[in-house]
Each structure stands twice: as C-alpha cells, then as structure tokens.
Amino acid sequence: MQENYIQNLNPEQEKAVKHIDGPSMVIAGAGSGKTRVLTYKIVYLLQNNIKPSSILALTFTNKASKEMQKRIEEIVGFNYSNNLWMGTFHSVFSRILRFEANHLNYSSNFTIYDTEDSKSLIRSIIKELNLDKEIYKVNFIRNRISSMKNNFITAKEYNNKKELIEADKIAKRIEFGRIYNIYNNRCMKADAMDFDDLLIKTYELLSRNKDTLLKYQEKFKYILIDEYQDTNNIQYLIIKKIAALYKNICVVGDDAQSIYSFRGANIQNILNFKLDYPEHKIYKLEQNYRSTSTIVEAANSIIKHNKKQIKKKVWTNNIQGEKIIIAKTGSDNEESRIVAKTINDIQLQNEARYEEFAILYRTNAQSRALEEALRKRNIAYKIYGGLSFYQRKEIKDLLSYYRLTINQKDEEALKRIINYPARGIGLTTIQKLTIAANKMNISIWEVINNIEEIGLTINNGTKNKLENFVSLINTFKEEIEIEDAYTIAEKIAKKSGILSELYNDKTNEGINRFENIQELLNGIKTFTDSSEQNNTLPEFMKEVALLTNEDKEDQKTNNKVTLMTIHSAKGLEFPYVFIVGLEENLFPSLMSKESEESMEEERRLFYVAITRAKKRVFITFAASRFKWGQIIDCSPSRFIREIDSNCLEKKEMYSKETRKPVYSVHLKTRDRRDKTKQSVYQKKLRKINNNTINSRIDLTKITNGIKVKHNQFGTGTVINIQGEGINKKATVFFAGVGQKNLLLRFAKLEIIEK
DNA sequence: ACCTCAAACATTTTT
DNA sequence: TGTTTGAGGT
C-alpha cells in the first residue's frame, strides 16, 4: 500500500479526505479534484483498518465507479478494492434486492425490465383494455407511472388522490389508475422490476423489515456518494435510512452541475443534508486544476446569471490560454464541416491526437451531420449514447432467450421470441394465450403448458408448434445452472435458430447483426473466463440490464474523436472541446422556455459543457438547421451573449457551398401536411417568436390562490407571484408534479376558478 | 401467417 | 429526414 499519496492534495482536499467520522459534505467546483478526494478518502479509510466490505460508495454511472475502482486498486491492491460495495444506486440496490428477494415475493433471479420492456407492456395493456392510443400515449403513460413511483404514489394511493384523478379526468385519461395498477400486477406476475422498482422496492424492504434495515445499517459503516446534486427523492430517503445509525456519510457534489431534474433529481437534497445532519462539516473545493483561466472565467460569467446557487468562487492558477472562439456558420452541415476542418488543422499544427477532442451537443439527433463531416475527412470518431448495444434488436432477441430460460414468467421476453425466428405461431394464437393468462392470473408460459386443462381451442398444428417451443426452452433450462455461461449461451444462439437466421441474411445490416451477436458471445466468453466460481449465465444476466453503451469499452483503437451529448459528458475532461448548435430553441431547448427553473438547468448544462475543456473551447451556431426534413431559421443562443466578452473571439465562417435544394420523393404527402395540420412544434415556435405577451388571458387576473390549468402539468394552485408586466412570474403547485415557477408570458395557463 | 408498402410519427437530456 | 406501424394483399 502506498503511503505518500496524501502529498498530492491541497489543504482543503486533505481536510475533506481525513474527515471520516460523522457527516460531511464536499461542494466541489468543476475541475477541482472531486474524484481524487473521493478516491483518496476510500484509501484513507482502508488504511485506518476499515474493512472494504463495510464501505458503500455510490456513483452516478457504471463508468465512474469502474474508474474509481481502478484507481483505488492501483494504490491498495485488488484484494481490498474488490470487496468494496461500489457502483450505481441501481446496481448496488439490485444486488441487495436479489439477496433479500424472499422478503418481497420475488425470486432472486428476477428480471429487470428496461424502458423498452416497460413500454411494450404498457402498449399491450392499452390494447387489451381497448383504449384509444391517441389519448393513452405509451410514452406519456410510462413517464407518468415513473413520476408517480418517484413521488411514492402507489397505484392504491393514486385512487385516493382526488387531485390526480381530477387531472387525468380533464385530460380524458380516466383509465390511468387502472393501467397503473395492471402494470404493477403484471410486473409482479412476471417476476420483473423496472428501473424505478429497484429504488422503490429497496425502500419498502428497509421500511418494512426492521431486522434487514439494521443489518445494512450495521454493514455499511461508511457511506460515500458522488454527484449528490443529481440524486432524487427516493435515493435520498434510502440513504437517510441506512446512514441513520453511524452517520458516517460523505456526499460530494456541485449544485452548478445539477442537470438531471427531468429524472427527479432534486437540489433540495443538498439543503436537506444540512438539516438532517446538523453536526455536519462542509468543505469547499474551489481551485480548478483542469482548465485555462480564460475557460474558468467564461464559465463563471455564465453561471453568474443563475439566481439559485450556493455561493462559491471557482478560481485557478493555470495559464490564461487562448480565447474561446465563437463561429457563426450558415447551416448545420456547414457547421459540421467547419468543426471537422478545425479538428484537422489543430491536430496537424499541435500534433494533438484525435482522442484529445470532444464534440458536445444538446440532442443526440445532432450527431448525424457531424459524423458525415468527420467521415469525409477520414477522422476516426466514437459516438456515445444513441442506441445502446444492448438495445439493438438482435441482441435483445438473443438476450430474451436467456431471460426466458432463467425466468419463464418473463412475459416480455416470451412475447418477443415465441415466434422469432418464425415458427408459425401467429398473433391470433398469442392473443388467445394472453387473454387466458390474464383471466386466470397466471403466466403465458403456464397457459401454454396447460392448454388441454384450460380448454383453449387451438388447432393441433399450432399446439404442436407450441409444444416444440416449450421443450426447446426446457432443454436449455436443464443445463443453464450446470454449464458455464459461454457454453450454454452459444448453444442457445445456435439451437434457437437465431444464429443461422442472421447468417443467411447477406444484406449489410444482416452481416452487421451477425457480428453483433458474435460480439455479445465474446463478451460472455470474457465473463466466463474471468470469474471462475460464479460463471453461470444467470450470473451474467444479472448485470446486463443495467449496462449502458459507455460500459462497453471499445478496445481496438482509442485514438478517436469523442461525440456525445453534454449530459453524458458529465465527469469527463478533454483538451479540446467543441460545443455545437448554440441556437435558441435548441440550446436552450424549446421545452425549457416555460419556466425559469428549467432555463437555469439549461444554463448549468452549458456550464458543464464549457468546464469539460482543459485547453480550448470552440462554440458554433448555425443560421439554419434541418429539422424533420424542413429547414428552420435559427438565431444565436442567449448563452452566447452571457459569456464575458473578454474571453471571446468571434468569427463568421461560411464555406462557399450553399445548401443544395432538397427534392423530396414524398412531395405529395409533405405538401398536404404543410397545408392542413401544422406540426405542434411549428405552432409552439411561432407562438414564442411572435408574441411577447400571452394573449389568451389577462395576466393581471392571475393572483395568489387562484386555480389554473397547464396543458402539461394539469391543474394547480398559484402560491406566489413575482415581478410585473411581461416579467410577471407565478409559483404554481401542481398535484403530482410539484412546484413550478412559470413565466406567465410563456406559460399557457387557463384560469379555472377563483 | 407472412410480406410489402405507404402513412404516421418524432426530437431533450438517461440509470 | 429516418424509423416504426398498420392496412391490405397473397
């Protein structure tokens, strides 16, 4: 074990590291060595003879936890680092839930439904109930269920909350409560949990079983939490419970980098921390070691525009560096070409490697033009986010075979593969099976196994096909606990017919899919070889649902330009950073204009983007941009004006090429669409561009206590008014949504009663 | 039961 | 623009 690592710390960092007894909070500005403090703190604990297994360290992404584990391992060795309880909230809690499954009416091999599975289940429920899918939109229903769960409103409680039912009534979604209830029952029946369940069920487990709670309170004597500003309400409550005994809890975060409120993250948790642990100590890390002083100053000048923030002054001793370049370009394609050219130039002049560059954008859809421009210049790049490897169709298909073999109740897996590859079991048959399963409250698998007893009318041919399918899965089942993961995984890939189905598809996509399957099998092989005792397929599958693209490191060549959303860039750093698409309605996003709060979150997002850079920042915006096959005129983002002009150098960059006219094959349909119904987006856009005053209602009529209706949040009560004239703002409490600050000139509020 | 094509849909961010 | 879904034909 190395002893001298503490020398690498400044006095404040050292104090934070050595504070191990009692609660502490580290407010860490961007680039101030936050990860270093966390890492060394864990090392320090281990050196003070704390057992690794009694340290719980929670991170925001798997990647962050892996990185930290690696750094700790380098200092203390694998035997110590391996026994730490380190990971994301979801992965650590799923471990606990599997261990304690018997307390919850779940088996320890329960399935984790990802977002796709949840949506597919909701889609079936809506269909079974014969509801109008225009009113009951799958995405909306899933989001609403998720937000209910994150606010601790069970399906039962929903039925007691008049405001919620009222809100759904107004939106003509009277059956929401029923869908919510059925959804929960179906998950339970399938021995499956969705992402939110992993948190909720953990909380339930700890609330209902005193012994279990005590066990984990005793176990986790030391708790550390990274990115605390992005924890949500349930996560906060679970941690509060576990930490209640020893109160050795250390949270690390930066309120200026809170960018996940759409997922329920709550900055309030930072304030609550002070109230919950009055004996706490706060350490502020304000020296930035990452960026040039120009970048630090620019970042400070932006975040200054936010009203809500904890006071701190980030500063640096680093050199001034070069100014931030802001480039105005003609179109999105031109923007991409200029970014690619600039990367090329810098790479040649400064002998920089491609891996030193990152291109950051607000939405995933922006990557397409950039990819094209990079490809044209033969610049190697890797792209994060978008469709995850594990979400690809062929991967999910094969994984569904594994899932069903492990858990026959897994309805979504069964539906996915019962007729893939095609074996002549059609929709009609599946419908009959589903109806019977719902009626008798058993799984589809059980129905198939008891067709005779149930008395279903299915012809003998189909019956035969069903029997073959069942015995196929049963043969896999016999071996899955005995064989190692790779052996059985490969066997299933072959015998299910997936491998040959894809092998025979000689189209480009087919070849690609075949290769992806090979890659998955290779991954399983690595898993099998690296873990000698617990190397069964069920063990492998426990991790898979929580993995994302970022966890699948591409080992081939690492010298590539990185493309990602700003959200996924959190916690990373690059010498050269390009931030593209700085246009009103894109960044800040159109959706964020309804309230001051979401506008401030967009601004924090911009702050995060700039502070990723070590040496240089390039910002670009375009005068026009392709969106849904149409060209949209854009104006520069307000954030550009907010940067201190001393840090900036402005450029206009037009290449000679103008946009080629686009001739559409589907001219007819587009014509009609343009004339008849304008897209919602267009309408919104026009509204914001044209009017500065909300014309629908008289703003003076909105006062304290008045009831209003909002088309997204439902009904709510005005609890506070600020400002005057066109800057008048209202704080409104919406049932089931919470408090929102709305700028009245934008928010389309209707007055319901006085 | 399966295949094909045109219409409809979608764009905020993700464990 | 690119992807998904559903109707209608075989």
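Just so we're clear, the structure is a prediction, and the values are computed from it rather than from any experiment. First the proteins, then the strands, lettered A, B, ... as listed; each starts at 1.
- Among the protein residues, A:Phe60 comes within range of the sugar-phosphate backbone only, with heavy atoms under 4.0 Å from sugar or phosphate atoms but none that close to a base.
- Residues passing the ring pair (Phe, Tyr, Trp, His ring centres under 6.0 Å) test with A:Tyr203 are A:Phe152, sequence neighbours excluded.
- A side-chain donor from one of A:Gln366 and A:Thr363 sits under 3.5 Å from a side-chain acceptor of the other.
- Going from atom CD of A:Gln235 over to atom C1' of B:dT14 covers 12 Å, rounded to whole Å.
- A:Gln366 places its CD atom 16 Å from the P atom of C:dG2, with the value rounded to the nearest Å.
- Listed by chain and residue number, A:Glu601 satisfy the salt bridge (charged side-chain N to carboxylate O under 4.0 Å, His left out) test with A:Arg604 (two or more places apart in sequence, or in another chain).
- Across the protein-nucleic acid pair, A:His90 atom NE2 and B:dT14 atom C1' stand 10 Å apart, rounded to whole Å.
- Taking atom CE of residue A:Met193 and atom C1' of nucleotide B:dT15, one finds them 16 Å apart after rounding to whole Å.
- Atom pair A:Asp117:CG and B:dT15:C1' shows a separation of 15 Å (rounding to whole Å applied).
- Taking the ring pair (Phe, Tyr, Trp, His ring centres under 6.0 Å) definition, one finds that A:Phe89 meets it with A:Phe93, sequence neighbours left out.
- Evaluation of the side-chain hydrogen bond (donor to acceptor under 3.5 Å, both in side chains) rule for A:Asn460 yields no partner, not counting sequence neighbours.
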Output a table of nitrogen or oxygen pairs between the protein and nucleotides 11-13 of chain B separated by less than 3.5 Å.
unit_1	atom_1	unit_2	atom_2	d
B:dT11	N3	A:Trp628	NE1	3.4
B:dT12	O2	A:Arg362	NH1	2.7
B:dT12	O2	A:Arg362	NH2	2.2
B:dT13	OP1	A:Asn364	N	3.2
B:dT13	OP1	A:Asn364	ND2	3.3
B:dT13	O4'	A:Arg362	NH2	3.4
B:dT13	O2	A:Arg362	NH2	2.7
B:dT13	O2	A:His567	NE2	3.4

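- Atom CD of A:Glu543 has 12 or fewer neighbouring heavy atoms from other residues, nucleotides or ligands inside a 6.0 Å radius.
- The separation of C:dG6 from B:dT11, taken at their C1' atoms, amounts to 23 Å, rounded to a whole angstrom.
- Rounded to an integer number of Å, the gap from A:Phe140 CZ to B:dA10 P is 14 Å.
- In this structure, A:Ile234 places its CD1 atom 13 Å from C1' of B:dT15, rounding to the nearest Å.
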Considering only nitrogen or oxygen atoms on both sides, find all protein atoms under 3.5 Å from nucleotides 5-9 of chain C and state each distance.
unit_1	atom_1	unit_2	atom_2	d
C:dG6	OP1	A:Lys133	NZ	2.9

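- Rounded to a whole Å, the OH atom of A:Tyr113 is 21 Å from the P atom of B:dT15.
- With sequence neighbours left out, A:Glu573 forms a side-chain hydrogen bond (donor to acceptor under 3.5 Å, both in side chains) with A:Arg290, A:Lys614.
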At a cut-off of 3.5 Å, list every protein nitrogen or oxygen paired with a nitrogen or oxygen from nucleotides 2-5 of chain B, distance to 0.1 Å.
unit_1	atom_1	unit_2	atom_2	d
B:dC2	OP2	A:Asn419	ND2	3.1

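- Not a single salt bridge (charged side-chain N to carboxylate O under 4.0 Å, His left out) links A:Glu67 to another residue, sequence neighbours left out.
- Considering only residues two or more places apart in sequence or on other chains, A:Phe262 meets the ring pair (Phe, Tyr, Trp, His ring centres under 6.0 Å) condition with A:Tyr260, A:His567.
- The ring pair (Phe, Tyr, Trp, His ring centres under 6.0 Å) search around A:Phe621 returns none, not counting sequence neighbours.
- Sequence neighbours left out, the pairs with a member in residues 457-466 of chain A that pass salt bridge (charged side-chain N to carboxylate O under 4.0 Å, His left out) are A:Glu452-A:Lys463.
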